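Keep in mind the model is a prediction, meaning the values are calculated, not measured. Remember, it's 1-based here, ligands and their atoms both numbered in the order they're listed.
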Amino acid sequence: MGTEATEIRGIGHSVRRKEDDRLIRGKGNFIEDVKLPGMLHMAILRSPFAHATIKGIDTSRAGALPGVVAVVTGELMAQHNLAWMPTLSYDTQAVLVTDKVRFQGQEVAAVIAEDPYVARDALELIDVDYEPIEPLVTPQRALEADAPVIRTDKEDQKDNHIYHWENGDKEATDQAFAKADVVVSLDTHYPRSHPAPVETCGCVADVDPATGQATIYMTSQAPHAIRTVFAMVAGLPEENIRIVSPDIGGGFGNKVPVYPGYVVATAASLLLGRPVKWIEDRTENLISTGFARDFHMHGEMALAKDGTMKGLRVSLLADEGAFHADAQPSKFKVGLFHIVTGSYDLPAAHVSADGAYTNKAPGGVAYRCSFRVTEASYMIERLVQNAAYELGIDPADLRRKNFIDKDQFPYKSVTGFEYDSGDYHAAMDLALEKVGYEALRKEQVEARKEGRLLGIGLASFTEVVGAGPHKDYDILGLKMNDGAELRIHPTGKAILKISSKTQGQGHETTFAQIVASELGIQPEDVKVQHGDTDNTPYGLGTYASRSTPTVGAATALVSRKIRDKAVKLAAHLLEVSEDDVEFEAGRFSVKGAPDKVTTIQDVALAAYTNFPDGMEAGLEGVTYYDPPNLTFPFGTYAVVVEVDEETGVWKVDRVVAVDDCGVRINPMIVEGQIHGGLCEGYGIAAMEQITFDEDGNCIGANFTDYLLPTSWETPRFELGETVTPSPHHPIGAKGVGESATVGSPAAYVNAVIDALWHLGVRNIDMPLTSAKVWEAMQQAKAGATA
Ligand code: CDP
């Protein structure tokens with residue numbers, strides 16, 4: 001084999017995504033593509049009411065329809081102890097209803113038929129006798145004393161209050177406020193939105209009646225954890241359960257929870273002895289699966305006259321829907337929202353949170369961010385902007401004055417995080433330079449003279465990703481560590497088996513690049529396998545921007561384990577002592593004799609053909625990574641908008657986004673992730689919102705009501721990068737991905753308010769429809785003349 005040095009396309013290279021060749025040829029293998037012999041089809045009957053007692057279900061007409069094999073009700077599920085299942089927040093959720101429905105779209109019954117269309121038709125033949133109850137569509141109403149109790153199934157639940165949770169130092173915060181020169185406050189609602197992945201949720205459950213082996217093909221971001229939960233809930237032996245997540249058309253947190261459809265399809269396959277397929281349509285996905293956000297927040301910031309931040313107080317009310325199913329580490333009731341102090345050196349802060357049941361779908365998933373961190377970033381940035389307006393200090397200067405300084409890292413925040421590293425001033429400086437901030441502020445003054453409403457919005461953010469260290473982080477008791485198994489074949493090619501599951505983030509490429517950097521094997525020679533619990537090491541899954549900080553780290557560490565053995569093999573081949581071997585980019589050379597070289601490929605062959613006495617054959621290993629800390633990517637975004645005073649229509653002129661996620665493994669993929677995040681930020685600021693009418697009907701049940709931005713209206717993004725590696729992280733990467741979106745909704749809203757500030761507009765909530773902006777302007781003008 002040749003020994004000449006070649007460039008290894010490892011970390012830092014924009015390698016084209018290995019998975020795309022297959023995907024763009026239409027050769028992907030999504031749930032809809034899974035077709036098994038003898039497969040049946042399942043459709044779910046959903047409640048038209050948000051809150052109603054079920055007085056009776058008559059399935060006889062549906063059962064008689066030719067082609068229908070079975071009709072499953074809650075009663076049947078209850079006979080197998082499967083009418084209820086646990087949620088990710090130690091609550092319970094109905095699989096199929098037995099007592100009353102608690103949100104519109106809740107699963108009432110299921111039909112299993114030979115054909116998917118027959119299954120759908122049969123749903124219309126199920127007669128359900130509903131007796132409506134007052135629907136509770138706001139958490140405020142749900143917490144009133146005379147509100148009907150939603151969770152009558154829970155003996156100890158006498159009202160709709162779920163939890164009260166506090167973090168920070170209340171006394172110190174009260175003192176800071178007592179001494180403050182200025183206090184600004186804000187009431188805001190981060191609206192309910194939906195991850196809306198292109199592919200909806202579904203599964204094919206295949207329980208073999210002869211062996212009891214259950215193979216479940218499932219749209220899951222967390223196949224291993226789901227296998228364990230299935231084993232515990234259904235009482236099936238875990239070795240007989242295999243979860244296979246094939247290609248997934250986007251997840252964004254939506255594909256983390258266990259949905260009733262998975263459970264009913266599996267139970268039906270078990271009872272009928274045939275494979276059962278279930279796939280949601282778009283409306284089912286939007287009205288019944290994991291939503292995001294829906295936080296009603298009140299925030300106050302205490303400052304000195306010169307703009308020094310002294311304290312932060314936030315209270316929030318979370319609208320959790322009918323079952324508390326937040327995906328979150330179990331110790332933290334509102335995820336990692338207590339990162340709400342953001343990028344600022346706040347000496348005192350206190351956060352209090354309450355959750356309420358309402359008649360809406362459950363969820364609270366980590367959508368394009370770590371657990372509830374987007375809400376936190378939004379809150380602090382809105383408050384900072386308000387403080388700047390009130391104090392008459394430029395918003396950029398106010399931020400700079402209060403940023404945690406780069407010399408203060410590692411920085412212990414008053415709400416308990418240890419920020420590993422950061423240089424917030426650098427990210428801000430670059431964003432301002434790229435957007436041309438000084439010139440823009442002058443242009444803004446000129447524009448106003450001409451009657452044009454130009455606004456400049458800023459948002460800085462610090463995320464907290466990579467959950468997490470075993471002492472603090474778990475989901476349902478399962479520690480949040482992840483694994484990587486690497487096997488080098490005799491010809492020097494490799495297979496990397498990882499515990500995380502890609503849903504489009506390019507893991508097959510980036511994880512191969514980590515191996516490439518560590519072992520000098522080109523990324524195209526490293527096959528990455530994932531999403532099959534029988535063939536990959538255990539791990540908690542892909543969400544909350546955790547894959548790279550956890551599985552990426554495990555990949556780096558297992559590669560190093562293998563490299564240690566490879567050095568021994570190289571020493572054997574080169575006939576020198578191990579201490580005399582140097583390694584770089586796949587080549588092992590002898591210190592002081594650089595011509596004496598062998599390669600990782602030669603060494604791999606030797607591991608199976610020519611290894612020293614006393615050494616085990618083979619070149620492989622497995623590692624589980626328990627991160628010592630979380631990592632803290634950050635950035636600053638600047639947005640320029642122009643608002644039309646006549647109509648309230650606003651147009652985005654510029655979006656500059658500077659992100660720091662440490663060393664970028666694949667810069668092209670990271671940029672794609674950031675584009676996605678920015679697009680989501682724009683969408684939620686401008687148009688995405690799921691609302692409910694007073695009867696609890698979900699408005700936003702299809703893409704004509706729930707508006708997603710298309711390439712037509714999405715602004716162009718200008719990206720910038722600073723690089724501040726995480727000192728504790730084995731691959732020097734800090735986990736970025738989708739989390740990079742967090743600042744952007746605040747930036748858009750701040751830009752619109754900035755444009756309208758001199759008219760007197762102080763607060764507008766998302767989504768910023770032109771009607772809402774116009775109305776705010778009219779109110780401000782009326783207030784000014786009153
Ligand atoms: O877990 P989640 O998908 O939310 O995030 P991730 O997988 O950690 O990051 C998304 C994508 O960006 C992956 O393909 C990462 O490997 C890549 N990435 C990178 O290339 N460099 C970084 N410093 C961080 C992430």
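- Both tests do not hold together for Arg293 against Phe291: distance to the six-membered ring centre under 6.0 Å, angle to the ring axis within 45°.
- Between Tyr190 and Phe295, the ring centre distance reaches or exceeds 6.0 Å.
- At a 3.5 angstrom cut-off on N or O pairs, Thr548 counts as close to ligand 1.
- Of the heavy atoms in Gln505, both backbone and side-chain atoms come closer than 4.0 Å to ligand 1.
- A salt bridge does not link Arg17 with Glu508: none of the charged nitrogens is closer than 4.0 Å to a carboxylate oxygen.
- Aromatic ring centres of Tyr624 and Tyr538 lie farther apart than the 6.0 Å criterion allows.
- In plain terms, the two heavy atoms of His507 and Ile498 that are nearest each other are CB-CD1, 4.4 Å.
- The heavy atom nearest to atom 22 (C) of ligand 1, considering only Thr555, Thr550, Val663, is found in Val663.
- Residue nearest to atom 17 (C) of ligand 1, selected from Thr631, Val551, Asp660, Thr510: Thr510 (by heavy-atom distance).
- Note: an N/O pair closer than 3.5 Å links Ile665 and ligand 1 by distance alone.
- For atom 18 (N) of ligand 1, the nearest non-hydrogen atom from the set Val670, Val723, Val465, Ile11 belongs to Val670.
- The side chain to side chain contact (heavy atoms under 4.5 Å, CB included) search around Ala467 returns Phe371, Tyr473, Met480, Leu630, not counting sequence neighbours.
- The shortest N or O to N or O distance between His507 and ligand 1 is under 3.5 Å.
- Every atom of ligand 1 with a heavy atom of Arg664 under 4.0 Å away is listed here by number and element: 21 (N), 23 (N).
- In Arg546, the part holding a heavy atom less than 4.0 Å from any atom of ligand 1 is the backbone.
- Less than 4.0 angstrom separates some heavy atom of Cys661 from each of these atoms of ligand 1: 23 (N).
- The shortest heavy-atom distance from Gly662 to ligand 1 is not under 4.0 Å.
- In this view, Asp21 and Arg25 satisfy the side chain to side chain donor-acceptor pair (under 3.5 Å) rule, not counting sequence neighbours.
- Centroid-to-centroid, the aromatic rings of Phe717 and Tyr682 stay 6.0 Å apart or farther.
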